[in-house]
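Step one of this worksheet: look at the structure below.
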Amino acid sequence: GQQLNQSPQSMFIQEGEDVSMNCTSSSIFNTWLWYKQDPGEGPVLLIALYKAGELTSNGRLTAQFGITRKDSFLNISASIPSDVGIYFCAGPTGNQFYFGTGTSLTVIP
Amino acid sequence: GAVVSQHPSRVICKSGTSVKIECRSLDFQATTMFWYRQFPKQSLMLMATSNEGSKATYEQGVEKDKFLINHASLTLSTLTVTSAHPEDSSFYICSARDPSAGRNSPLHFGNGTRLTVT
């Protein structure tokens, strides 16, 4: 199956700092999704993007659908301890969804 | 919002036995459900697509005789790990889309099943 590449692989930041991560693919996607996964749980949807160039916010989270349709970015502003987790991007190919390699975020109080 | 329930959340079994994991869509009907496997510190890998009333579609490298999938109703898909071995120990997660939410509706996930084979 396809795999989406995320960077950075991991981040250690101070509480209050802003975070930026991205996801790239060799294929074009018409939908980009961003999920957060806490340990031992299933991923939870954060933001869905449906249009190239689209910029969507959800509270302190902002995500953008790249113009080339081959990338997407997720930003978290003013990080807090509960932002800790693994963030995954995902994109559909046909009826199936494939996930990025993940970005592990650690927030230091 | 769309809710997907998965059961059990944890299971420990002996090598050679079979384990069944259930995935239910609670407030929508899902003609298609997806099964993922996740090893520690790794991403989610799609194992198979479960299709209501027909055979599942397996990803390359996934043994269909080992990972039996049944999608007998519009709200229930089951994954049975047959003759489990320690290397099958992993986190299994199911997901589904609510088709009434549109063609590009996102996946919603269950809380996963931690399988440990001793």
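Fair warning: this is a prediction, and the values are worked out from it, not measured in the lab. Letters A, B, ... are given to chains in the order of the sequence lines, protein chains preceding strands, and every chain is numbered from 1.
Options S9(B), S43(B), S95(B) differ in how many heavy-atom pairs under 4.5 Å they form with chain A, and the most are formed by S43(B). Interface remark: of the candidates G40(A), P39(A), S104(A), G102(A), G40(A) forms the most heavy-atom pairs closer than 4.5 Å to chain B. Between chain B and the options P43(A), G42(A), P92(A), heavy-atom pairs under 4.5 Å are most frequent for P43(A). Most heavy-atom pairs under 4.5 Å with chain A: of the set K41(B), R97(B), R10(B), Q42(B), this distinction falls to R97(B).
Linking Ile, Leu, Val, Met, Phe, Trp and Tyr residues whenever their side-chain heavy atoms come within less than 4.5 Å leaves W34(A) and F73(A) in two separate clusters. At a threshold of 4.5 Å between side-chain heavy atoms, the hydrophobic network of Ile, Leu, Val, Met, Phe, Trp and Tyr places F65(A) and L46(A) in one connected group. L76(B) and F67(B) sit in two unconnected hydrophobic clusters of ILVMFWY residues. Membership requires side-chain heavy atoms under 4.5 Å apart, directly or through other members. Linking Ile, Leu, Val, Met, Phe, Trp and Tyr residues whenever their side-chain heavy atoms come within less than 4.5 Å places V19(A) and L49(A) in a single cluster. There is no path of hydrophobic side-chain contacts, each under 4.5 Å, that joins V81(B) to F91(B).
Residue contact with chain A, scored on non-hydrogen atoms closer than 4.5 Å, involves the side chain of I93(B) exclusively. Only the backbone of S105(B) comes within less than 4.5 Å of a heavy atom of chain A; no side-chain atom from C-beta onward does. Only the side chain of T31(A) comes within less than 4.5 Å of a heavy atom of chain B; its backbone N, CA, C and O stay farther away. Neither the backbone nor the side chain of Q6(A) comes within contact range of chain B; no heavy atom of the residue lies under 4.5 Å from a heavy atom of that chain.
Inter-residue side-chain proximity for L46(B) and F97(A) is flagged as unmet; no heavy-atom pair is nearer than 4.5 Å. With a 4.5 Å cut-off on side-chain heavy atoms, L44(B) and Q37(A) count as touching.
Annotation: F109(B) is in aromatic contact with F99(A) [ring centroid separation under 6.0 Å].
Annotation: the span from Y98(A) atom OH to Y36(B) atom OH amounts to 8.0 Å, rounded to 0.5 Å. Summarising the geometry, atom CD belonging to E41(A) is positioned 5.5 Å from atom CG belonging to N111(B); distances are rounded to the nearest 0.5 Å.
Distance alone, capped at 3.5 Å, is enough to place a donor-acceptor pair between the Y35(A) side chain and the L107(B) backbone.
No more than 12 heavy atoms of other residues, nucleotides or ligands lie within 6.0 Å of NZ in K64(B), so this atom counts as exposed by the packing criterion. More than 12 heavy-atom neighbours from other residues, nucleotides or ligands sit within 6.0 angstrom of CD1 on I80(A). In Q9(A), the CD atom is not crowded: 12 or fewer heavy atoms of neighbouring residues, nucleotides or ligands sit closer than 6.0 Å. Counting heavy atoms of neighbouring residues, nucleotides and ligands inside a 6.0 Å radius, atom NE2 of H7(B) does not exceed 12 of them.
Heavy-atom minimum distance, F88(A) versus Q38(B): CZ-NE2, 3.6 Å.
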